[in-house]
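To start, the structure under review is shown below, and the notes come after it.
Residue numbers start from 1 in every chain, and the chains themselves are labelled A, B, ... in the order their sequence lines are given, proteins ahead of strands. Bear in mind that the values here come from a model prediction, so they are computed numbers and not experimental data.
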Amino acid sequence: MGEYNMIESMKGFKRTHKCGKLGLENVDETVILTGWVHRRRDLGGVIFIDLRDRSGICQIVFDKNVSENAFEKGDRLRSEYVIGVKGKVKKRPEENVNPKIPTGKIEVFVEEIRIFSKAETPPFLVENKINVDESIRLKYRYIDLRRPLMQRNIIIRSKATQAFRNFLNSRDFLEIETPMLTKSTPEGARDYLVPSRVNPGKFYALPQSPQLFKQILMISGFEKYYQITRCFRDEDLRSNRQPEFTQVDIEMSFVDVDDVLQLNEEMIKHVFEEIKGIRVDIPFPRITYQDAVEQYGTDKPDTRFGMKLIDITQIVKNSEFKVFRNTVEKGGIVKGINVKSPGFSRREIDGLIDLVKKYGGKGLAWIMVEQNDVKSPISKFLSQQEIAQILQRMDAQPEDLLLFVADDREMANMVLGNLRLELGRRLNLIDSRKFNFLWITDFPLLEYDEEEKRYVAVHHPFTSPKDEDIQMLDTYPEQVRAKAYDLVLNGVELGGGSIRIHSTELQEKMFSLLGFSKEEAWNRFGFLLKAFKYGTPPHGGIAYGLDRIVMFLAETENIRDVIAFPKTQNAVDLMTEAPSEVVPKQLEELHIEITL
RNA sequence: GGCCCAGUAGUUCAGAUGGUUAGAACGCCGGCCUGUCACGCCGGAGGUCGAGGGUUCAAGUCCCUUCUGGGUCGCCA
């Protein structure tokens, strides 16, 4: 009962100023501040407290000569107590100014204090430079989020979503919500399922994206749609992947590829310039999928440094070096990268070989270029002419290290692409101030899935083939290019989209290529196929991973730093302890039995 | 599902070769202190060494299993 008497009310104690905004202009004003006790310095006869709210920190002073009563209460304050104080703002004497904080020229002498709530000792300090295991931060997320750095991240996120909305609203887009309880689709990621109590034995799925609904909205005549919405994929997590994440989802009618890309360049420019304060030049460079893979070994190249992949298959196809010759005979390729003067030891080169094996490569050949000679374990198998041609082809200078991978095309590109990235990082070739936006275009429409023994859609089954490639759908389906595009920033895929198929016939054709019978296709996507029959505009769009964009804006490598309540690698929320078991009655109502 | 790293006080860590009562810093509690701002000084409390099993006279330390957190490959149309 006594404790209840300690709780003090806000009545008549309305905040007049924010802690971080007080300055010399407020001197001699009587102000009321509210916030958390950030730090307390008790000097015996005088107590200083750093009071913290969202705006920042302000020093308040408890002095017996100002108020005996306030001083006594100030003595009882501890970290993270929530208080309100009324007092007069005073200019600090020159020698007491704290240049480290914006409010360091003033302080508030407390005349009256109210303790709104006490606080247990927090498990870690509320400050930016903490060295605490992330699981503890996640368990006590409410405290972690008080840290100015985390507040800044969440504020950046809020401003970024506003910037997207402002831009899209100004371009006449409509924000339209789509269902969270929707139909499970077989293609793509694993669905999160939600049982339906009123339809026993049946399940909704949480959306992996609003893809089908936004296409239907185009059929419904809204022409320009966007939504900033949560999506769910039950797949394994990564440092930039959460099971629930936010998409900036856009769809437009009566457009082709160039229209979509141009609008998106303007939008990305708007958002990054407004939030990050950098200059973004448009249009962004474009590179085809094929060129990206051949030159960088990946469909999301980091173009902040060179070290492009170079094909030397033709030079070594008849070489005495069996690894090269046999690989080419079996239809493989030999490619290399030129690492400019890395100064690597033999030991370090051996380390690269281990790296290659980690990525699934069979091995790594290397040539160290010297003044008038080369050093290499394979040089004795190569003719003088072959070596000369390789050096010329790869623009090799003394001290350069040439690295080669011989494998099938896909593996060689993948391994060298990863090696290139690792070396770029290791040799500090990456200028972290650069923002290299890049469109990847002309993705293949289909790829063959060895496991499923059928073609699967590279983007998704609703992506339109390029007009000039449609004729190859029956003859060379894997050569058909799609009207699909990704936006890549510094080696990270920010988003992707496509122009969609808008005819029932072509869509049915697509499903048949994917190995669906007509019945299966209609069973799963009948509502879309049927909708197509009632007048469908040509349409297309794009979707961005908002979390990843905010990671760039906030300059963090960790997606959990830009989400208020993220999940761990095991998809667990350490604060709420979700997921959890449910009571038997809930399961009974849903006719669900746990068979663990 | 595979591989790698970590788990000892509230927090971050130390703890060769197995061996007396598991230490430090910060934080916390108490005392002193009227100009601090990472306040200072003095004193104190605080441990399921992630969990289970095994080897041993003896395990924080060695072995096995397992859990948790992180990274990564597979996966993510």
- Query: Across the strands shown, which category fits A/Pro461 at heavy-atom distances under 4.0 angstrom: base, sugar-phosphate, nothing?
  - Reply: base
Practice item. May I ask you to say whether A/Arg426 pairs ionically with A/Glu422, meaning some side-chain N is under 4.0 Å from a carboxylate O? Key: yes
Nearest-nucleotide check on RNA chain B, A/Arg238 vs A/Gln211; residue mapping nearer the 5' end is A/Arg238
Check your understanding: When you check the phosphate oxygens OP1 and OP2 of B/G71, does a side-chain N or O of A/Gln569 lie under 4.0 Å from one of them?
Key -> yes
inquiry  = Less than 4.0 angstrom between a side-chain N/O of A/Ser239 and OP1 or OP2 of B/U72, yes or no?
reply    = yes
Query raised in the report: Aromatic ring centroids of A/Phe62 and A/Phe71 under 6.0 Å?
Result: no
If pairing means Watson-Crick or G-U wobble with both distances under 3.5 Å, then the partner of B/C75 is none
Per ring-ring contact (aromatic ring centres under 6.0 Å, His included), A/Phe516 is matched among A/Phe511, A/Trp522, A/Tyr455 by A/Phe511
Next on the checklist: Please classify the nucleic acid contact of A/Phe48 as base, sugar-phosphate, or nothing, using heavy-atom distances under 4.0 Å.
Outcome noted: base
Testing B/C37, B/U34, B/C75 for proximity to the side chain of A/Asp50, the answer is B/C37
**Asked** Under 4.0 angstrom, heavy atoms only, what part of the nucleic acid is A/Asp236 near: base, sugar-phosphate, or nothing?
**Response** base
Please report the distance separating the C1' of B/G27 from the corresponding atom of B/U11, rounded so that it comes out in whole Å.
7 Å
Side-chain-base donor-acceptor pair under 3.5 Å for A/Arg78 and B/G27
no
### Message
Under 4.0 Å, heavy atoms only, any strand: does A/Lys100 hit a base, just the sugar-phosphate, or nothing?
### Response
sugar-phosphate
Rounded to whole Å, the CG-C1' distance (A/Asp42 to B/G35) equals 13 Å
A/Glu422 CD to B/C73 P, in whole Å, measures 12 Å
Checklist entry - Between B/G1 and B/G46, how far is it from one C1' atom to the other, in whole Å? => result 42 Å
To the nearest angstrom, the NZ-P distance between A/Lys139 and B/G50 comes to 16 Å
* Asked: In whole Å, what separates the P atom of B/G2 from that of B/A58?
  -> 35 Å
Re B/G23: Watson-Crick or G-U wobble partner, both distances kept under 3.5 Å, found to be B/C13
note: A/Glu577, atom CD; B/C67, atom P; distance rounded to Å ~ 18 Å
Checklist line | Neighbour count above 12 (heavy atom, 6.0 Å) for A/Trp36 CH2 | finding: no
Residue pairs meeting salt bridge (Lys or Arg N to Asp or Glu O under 4.0 Å), one or both in residues 519-529 of chain A, sequence neighbours left out, come to none
Between B/C37 and A/Arg39, counting only base atoms on the nucleotide and side-chain atoms on the residue, is there a donor-acceptor pair under 3.5 Å?
no
* Looking for any heavy atom pair under 4.0 Å, which part of the strands does A/Asn65 touch: base, sugar-phosphate only, or nothing? -> base
- Query: Which part of the nucleic acid, if any, lies within reach of A/Val61 when heavy atoms closer than 4.0 Å are counted: base, sugar-phosphate only, or nothing?
  - Reply: nothing
A/Phe62 atom CZ is separated from B/G35 atom P, nearest whole Å, by 18 Å
For atom NZ of A/Lys466, decide whether the heavy atoms of other residues, nucleotides or ligands shown that lie under 6.0 angstrom number more than 12. yes
A/Glu235 CD to B/U72 C1', in whole Å, measures 16 Å
Regarding B/A16, purine or pyrimidine glycosidic angle vs 90° from 0 gives syn
**Message:** Counting only side-chain nitrogens and oxygens, does A/Asn98 get under 4.0 Å of the OP1 or OP2 atom of B/U36?
**Reply:** no
pair_partner(B/G7), Watson-Crick or wobble, both distances < 3.5 Å, evaluates to B/C67
task: Kindly say whether, by distance alone, the side chain of A/Glu107 makes a donor-acceptor pair under 3.5 Å with the base of B/G35?
output: yes
By the 4.0 Å heavy-atom rule, please label A/Tyr192 as base, sugar-phosphate, or nothing. nothing
* Distance, C1' atom - from B/A25 to B/A9, rounded to whole angstrom -> 12 Å
| task | Just call it for A/Arg92: base, sugar-phosphate, or nothing, with non-hydrogen atoms closer than 4.0 Å on any strand. | result | base
Among B/G69, B/U36, B/C75, the one nearest any side-chain atom of A/Asn570 is B/G69
From CZ of A/Arg137 across to C1' of B/G10 the rounded distance in Å is 17 Å
Using a distance-only test with no angle check, is there a side-chain donor-acceptor pair under 3.5 angstrom linking A/Asp249 and A/Tyr225?
-> yes
Compare side-chain N and O positions of A/Arg41 against OP1 and OP2 of B/U36 and report whether any pair is under 4.0 Å apart. no
Hey, does A/Arg560 reach any base, or is it just sugar-phosphate, or nothing, if we go heavy atoms under 4.0 Å?
-> sugar-phosphate
Check your understanding: Reckon A/Asp133 touches a base, only the sugar-phosphate, or nothing at all at heavy-atom distances under 4.0 Å?
Key -> sugar-phosphate
Q) How is A/Val132 classified with respect to the nucleic acid when contacts are heavy atoms under 4.0 Å: base, sugar-phosphate, or nothing? A) sugar-phosphate
So what does A/Glu120 touch, heavy atoms closer than 4.0 Å: a base, only the sugar-phosphate, or nothing? nothing
**Asked** Checking all strands, does A/Ile130 fall into the base, sugar-phosphate, or nothing category for heavy-atom contacts under 4.0 angstrom?
**Response** nothing
note: A/Ile60, atom CD1; B/C37, atom P; distance rounded to Å ~ 17 Å
Taking a pair to mean Watson-Crick or G-U wobble geometry with both distances below 3.5 Å, B/C62 pairs with B/G54
Ranking A/Thr121 and A/Val97 by the position along RNA chain B of their nearest nucleotide, the one closer to 5' is A/Thr121
Salt bridge check: are A/Asp75 and A/Arg40 linked by an N-O gap of less than 4.0 Å?
-> yes
ask   = What about A/Arg40, does its side chain sit under 3.5 Å from the base of B/C39 through a donor-acceptor pair?
value = no
Mate of B/C41 across any strand shown (Watson-Crick or G-U wobble, both atom pairs under 3.5 Å) is B/G31
Notebook entry, point to check: Looking only at atom C1', what distance separates B/C49 and B/U12, rounded to whole Å?
Noted result: 16 Å
**Prompt:** Can you tell me if A/Asn558 uses its side chain to pair, donor with acceptor, with the backbone of A/Arg560 under 3.5 Å?
**Reply:** yes
